[in-house]
Amino acid sequence: MFGMESELAVSGSFANGAVVPRDMLARWLMRMGSETLPHLQGFDDNGIFLANGARFYVDAGFHPEMTTPECTNPWDVVRYQLAGEAILNRLATLTVERHDAFRDVLLFKSNVDYQSGTTWGCHESYLCHNEPAFFHQQLLPHLVTRSIYTGAGGLVPAVAGIEFALTPRAWFITTEVSSNSTDMRPLLHLRDDPLNRSCSRLHLICGDNARAHLATWLRFGTTALVVAMIDAGLQAGEGLQLRQPVKAMRRVAADTSLRMCLPLLVGRAMTALDVQRLYLERAEAHLRDAFMPPWAPEVCNRWRQTLDALEASPEQCARSLDWAMKLELFRGRLSRHGYSLTQLAACNRSLARLAGQARRAAQLRAGHAELRTLDQTQQMREELRRLVDECGSERTALRKLLDVKDELLEIDARFSQLGDESLFARLERSGELRHQLPGVDNIEHAMEHPPLLGRARVRGELIRRLSGDPNHRAGWQCVIHRDGRYVDLEEPFTDAEVWSETGRPGWLPDEPLAMRRLRRRALTGTPPDLLQRILDGTRL
Amino acid sequence: MNTRQRPRSTPARMPAGSDSADSDVLQEARAALEGLARAGQDAIDQALSQNSQQFLASNRQQGGQ
């Protein structure tokens with residue numbers, strides 16, 4: 001069982017053209033969702049749960065976040081991801097239609113803002129029996145190398161010039177393992193938040209928001225199989241451990257030829273393609289094992305087809321994978337502006353030199369502190385433009401390159417934009433793309449109905465029936481009434497709506513969140529003495 | 001040139017003795033790429049604003065997870 005959480009970028013303008021503050025946009029979208037969608041308020045006051053079993057809330061940095069419900073196959077993940085996009089896009093449209101003050105509200109399924117040097121995530125969760133740290137050695141090589149088909153494509157954020165990246169997010173992954181998800185983003189997230197009492201949850205934050213259905217389908221299909229093998233005790237990544245995984249991820253991301261060799265701990269080097277082929281072969285060798293899902297053979301077939309196509313020529317995937325599509329778009333645009341690769345390389349070197357000077361100047365102003373604030377990043381960009389203007393004979397060429405880079409960044413953003421006006425939607429209408437998969441359909445149905453299997457179905461049906469009732473709240477593990485009656489959804493594959501009593505209130509008005517969480521944890525078992533005393537008599 | 005890069009290998013699954021079939025496949029792939037390139041530039045022309053710098057400035061985001 002697995003699922004996805006997508007943080008999106010949002011922006012908008014008032015009727016007079018002024019930019020709408022993003023916190024206001026996020027609040028309006030949440031308000032529109034509460035007014036128009038069947039839902040129950042989240043138990044932790046954290047967003048709303050929808051009738052298809054998903055959750056919509058506003059995450060750090062005012063990023064609207066839409067999850068999928070818990071899914072049991074990769075087709076459902078793609079379907080519910082598309083359903084979530086359609087829901088959010090509808091909320092954005094309604095916000096503009098119902099309020100004259102807004103001119104537009106735009107949502108972007110991206111992960112990086114190159115102007116401010118910030119990132120946000122597209123996370124994935126996998127049900128498993130072992131704790132997250134168990135997966136460290138065997139899973140990391142897969143996470144580093146799967147970018148060759150999961151990458152969203154874009155530019156390398158860390159450079160002033162124009163260099164393509166299979167996944168720009170790679171430059172924000174700074175450590176192998178960590179429990180942190182904002183300051184030291186890891187390849188493997190160790191946060192232990194199981195969402196049920198009998199299993200663990202493997203939570204990964206290193207992936208990209210992708211538009212191509214094939215990219216998301218492969219991301220979840222392949223990773224689910226690798227996780228299943230490791231969880232079953234197999235050494236799925238044996239001999240593939242990378243010498244410096246974080247650095248390797250950036251090397252993979254910077255190499256559009258897919259020929260870069262990555263040093264391994266065992267002393268030899270392999271390409272990302274070779275690493276992926278070994279994981280695939282190991283999955284194929286265990287297709288008949290009891291722990292493998294029934295769709296494993298189809299995932300392996302497409303996995304192999306995609307690796308073959310990438311190895312023959314990455315251009316073969318230009319109609320089916322995000323990064324390859326964007327690379328073609330960027331190349332075409334650069335060619336229209338008269339740039340060859342040689343000219344680009346020379347300009348990139350000059351800009352790198354000037355960017356170093358701009359960074360030092362901005363750091364002096366910031367008192368040598370690290371440039372972290374949005375204003376400081378903006379100052380550095382302005383300083384760079386000023387240095388370019390003072391450049392003498394190179395000035396025109398460098399200024400033009402910076403303008404072209406802005407154009408490529410807008411292309412990147414428009415590609416990720418939701419709605420019919422986006423670049424991706426226009427490409428789809430042209431009939432030139434080949435990313436779609438048989439079986440990813442019925443999106444309208446998925447907007448309002450949960451998957452057929454698992455606790456999401458029970459949650460979704462309850463929410464449909466109880467929608468808008470302030471006396472009920474929902475969570476991943478339960479639906480609860482104010483008087484303490486609840487439906488236990490701890491077991492991931494529960495399929496029955498069974499109401500139980502606690503004899504204690506579900507929650508109290510104005511109760512601290514910590515107290516409310518204690519009540520939820522106490523729902524399905526006898527609380528320890530201390531907890532019982534807290535719940536019986538006192539508030540925190 | 002990075003010495004760690006492998007030379008381009010023979011594409012997988014090339015059937016023996018089928019040069020004309022290979023040529024057809026390559027031609028098809030090239031035609032598909034040209035189609036995408038044309039559609040892509042048309043789509044970009046329609047989707048881009050008049051001022052990319054202004055568009056990007058108005059879309060600045062804070063960091064998330």
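Heavy atoms only: backbone and side chains are in, while hydrogens, waters and symmetry mates are out. Quick note on labels: first sequence line is chain A, next is B, and so on, each numbered from 1.
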Any sub-3.5 Å donor-acceptor pair from A:Arg319's side-chain atoms to B:Leu33's backbone N or O? no
Before accepting this row, confirm whether a basic side-chain N of the pair B:Asp45/A:Arg426 lies closer than 4.0 Å to the acidic partner's carboxylate O. no
Residue part contacting chain B, namely of A:Arg336, when any heavy atom lies under 4.5 Å: side chain
Would you tell me whether A:Asp403 and B:Gln53 have side-chain atoms, one donor and one acceptor, within less than 3.5 Å of each other? no
Counting only non-hydrogen atoms closer than 4.5 Å, does A:Phe108 touch chain B with its backbone (N, CA, C, O), its side chain (CB onward), both, or neither? side chain
Which bit of A:Arg333 is near chain B, if near means a heavy-atom gap under 4.5 Å: side chain, backbone, both or neither? both
Any donor-acceptor pair under 3.5 Å from B:Gln65 side chain to A:Ala60 backbone: no
Is it the backbone or the side chain of A:Glu421 that comes under 4.5 Å from a heavy atom of chain B, or both, or neither? backbone
Is A:Asp406 in contact with chain B via its backbone, its side chain, both, or neither, using a 4.5 Å heavy-atom distance? both
If you define the side chain from C-beta out and look only at heavy atoms, does anything of B:Asn59 sit under 4.5 Å from A:Asp113? no
Quick one: what part of B:Ala39 sits under 4.5 Å from any heavy atom of chain A, side chain, backbone, both or neither? both
Student check: side-chain heavy atoms of A:Ser11 and B:Arg60 closer than 4.5 Å: no
Going by heavy atoms in the side chains, are B:Leu36 and A:Leu427 under 4.5 Å from each other? yes
A side-chain contact here means heavy atoms from C-beta on lying under 4.5 Å apart; do B:Gln61 and A:Trp120 qualify? yes
Whether the side chain of A:His63 engages the backbone of B:Gln62 through a donor-acceptor N/O pair (distance < 3.5 Å, no angle test) should be reported. yes
Proximal component of A:Leu433, with respect to chain B [non-hydrogen, under 4.5 Å]: side chain
